[in-house]
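Throughout, residue positions are numbered sequentially from 1 according to the sequence presented.
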Amino acid sequence: MGIFSALIGNAGTVSLEQLTKQYGQLLIDGEEIELGFKLIRDTFIFTTKRLILVDKQGLTGSKTEYKSISYKSISRFSIETAGTFDLDAELKIWVSSELQPSIKKQFNKSINVYEVQKVLAHHVLK
């Protein structure tokens with residue numbers, strides 16, 4: 001992930017090994033990480049059972065919030081692909097019956113947003 005993409009808030013992929021090493025303690029028995037992305041200090045992880053959002057807070061990032069969202073509580077989602085002159089694509093996720101998206105994430109062009117959509121669709125549409 002380039003420094004420019006990181007500065008404007010775009011997400012970059014994180015290896016499964018790195019995610020497991022850092023966040024493996026959050027997983028329950030039989031749960032596995034499928035895909036993960038990093039936004040400067042924040043990370044979001046798609047597992048076989050849920051979506052985990054890791055939000056580093058404060059100036060030092062020493063305080064961390066781990067938000068767990070079950071796939072069954074995701075009511076809808078959308079992707080907006082990058083255009084010819086756009087730097088990024090956007091993912092929006094609505095939880096339960098909220099009117100506005102609960103989660104908005106931007107991806108740089110190196111991330112295949114269709115891959116993210118496929119993982120969400122696989123879990124949400126079961």
Side-chain angles (χ1 to χ4, degrees):
M1 174 171 60
I3 188 76
F4 179 71
S5 292
L7 289 175
I8 61 173
N10 288 331
T13 1
V14 183
S15 75
L16 294 180
E17 296 80 26
Q18 184 180 355
L19 289 168
T20 303
K21 182 179 177 184
Q22 249 182 316
Y23 304 110
Q25 68 217 23
L26 299 174
L27 305 177
I28 63 170
D29 290 339
E31 183 177 21
E32 295 178 17
I33 295 173
E34 293 184 330
L35 199 57
F37 300 93
K38 185 161 182 70
L39 289 161
I40 303 176
R41 296 188 315 173
D42 300 341
T43 305
F44 59 108
I45 303 163
F46 293 96
T47 77
T48 52
K49 306 217 179 262
R50 60 193 160 143
L51 174 60
I52 301 172
L53 301 171
V54 182
D55 181 17
K56 300 276 185 174
Q57 301 171 354
L59 293 174
T60 62
S62 58
K63 184 176 177 181
T64 306
E65 176 185 25
Y66 301 95
K67 188 182 295 185
S68 178
I69 302 167
S70 69
Y71 291 120
K72 66 182 176 185
S73 69
I74 296 174
S75 59
R76 64 186 189 258
F77 57 90
S78 71
I79 57 170
E80 183 178 310
T81 59
T84 306
F85 299 107
D86 292 337
L87 293 175
D88 55 8
E90 187 173 40
L91 167 70
K92 296 178 186 173
I93 300 173
W94 286 261
V95 176
S96 297
S97 60
E98 293 179 344
L99 297 176
Q100 298 297 319
S102 306
I103 301 162
K104 290 183 186 180
K105 298 294 179 185
Q106 292 186 336
F107 298 83
N108 62 29
K109 282 192 173 188
S110 69
I111 304 298
N112 182 352
V113 73
Y114 294 106
E115 182 181 350
V116 178
Q117 185 276 154
K118 186 185 254 185
V119 173
L120 268 174
H122 173 75
H123 291 293
V124 173
L125 301 176
K126 281 186 176 179

Colleague: Through direct or indirect side-chain contacts below 4.5 angstrom among Ile, Leu, Val, Met, Phe, Trp and Tyr, which residues connect to V54?
Modeller: V14, L16, L19, Y23, L26, L27, I33, I45, I52, Y66
Colleague: With F77, which residues qualify under ring-ring contact (aromatic ring centres under 6.0 Å, His included), at least two apart?
Modeller: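 Result, ring-ring contact (aromatic ring centres under 6.0 Å, His included) vs F77: none returned.
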Colleague: With rounding to the nearest 0.5 angstrom, report the CZ to NZ distance, F46 to K118.
Modeller: 14.0 Å
Colleague: So, using side-chain contact (heavy atoms from CB on, under 4.5 Å) as the criterion, who are the partners of T48 when residues are at least two apart?
Modeller: E31, E32, E34
Colleague: At what distance, to the nearest 0.5 angstrom, does CG of L91 lie from CD of Q106?
Modeller: 10.5 Å
Colleague: State, to 0.1 Å, how close S96 and S75 come at their nearest heavy-atom pair, and which atoms those are.
Modeller: O-OG, 2.5 Å
Colleague: Are I69 and V124 connected, step by step, through hydrophobic side chains (Ile, Leu, Val, Met, Phe, Trp, Tyr) whose heavy atoms are closer than 4.5 Å?
Modeller: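 In one cluster: yes.
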Colleague: Would you say Y71 and I93 are hydrophobically clustered, going by side-chain heavy atoms of ILVMFWY under 4.5 Å?
Modeller: yes
Colleague: With ILVMFWY side chains joined below 4.5 Å, transitively, what does I28's cluster contain besides itself?
Modeller: none
Colleague: For S15, check side-chain contact (heavy atoms from CB on, under 4.5 Å) against everything at least two apart and list the hits.
Modeller: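 side-chain contact (heavy atoms from CB on, under 4.5 Å) list for S15, sorted by chain: E17, Q18.
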Colleague: Verify side chain to side chain contact (heavy atoms under 4.5 Å, CB included) between L51 and I103, making sure each step is shown before the conclusion.
Modeller: CA-CA 11 Å; L51 174 60; I103 301 162; 4.1 Å; yes
Colleague: Show your reasoning for whether side chain to side chain contact (heavy atoms under 4.5 Å, CB included) applies to F44 and K105.
Modeller: CA-CA 9 Å; F44 59 108; K105 298 294 179 185; 3.7 Å; yes
Colleague: Closest heavy-atom contact between S70 and R50?
Modeller: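 Nearest heavy atoms, S70 then R50: CA-CB, 4.2 Å.
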Colleague: Could you tell me if the side chain of I79 sits less than 4.5 Å from the side chain of V116, heavy atoms only?
Modeller: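 In short, these two side chains do not touch, never coming nearer than 4.5 Å.
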Colleague: Filter on salt bridge (Lys or Arg N to Asp or Glu O under 4.0 Å), then keep only pairs touching residues 56-76, sequence neighbours left out; what's left?
Modeller: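 Those involving residues 56-76 do not exist here.
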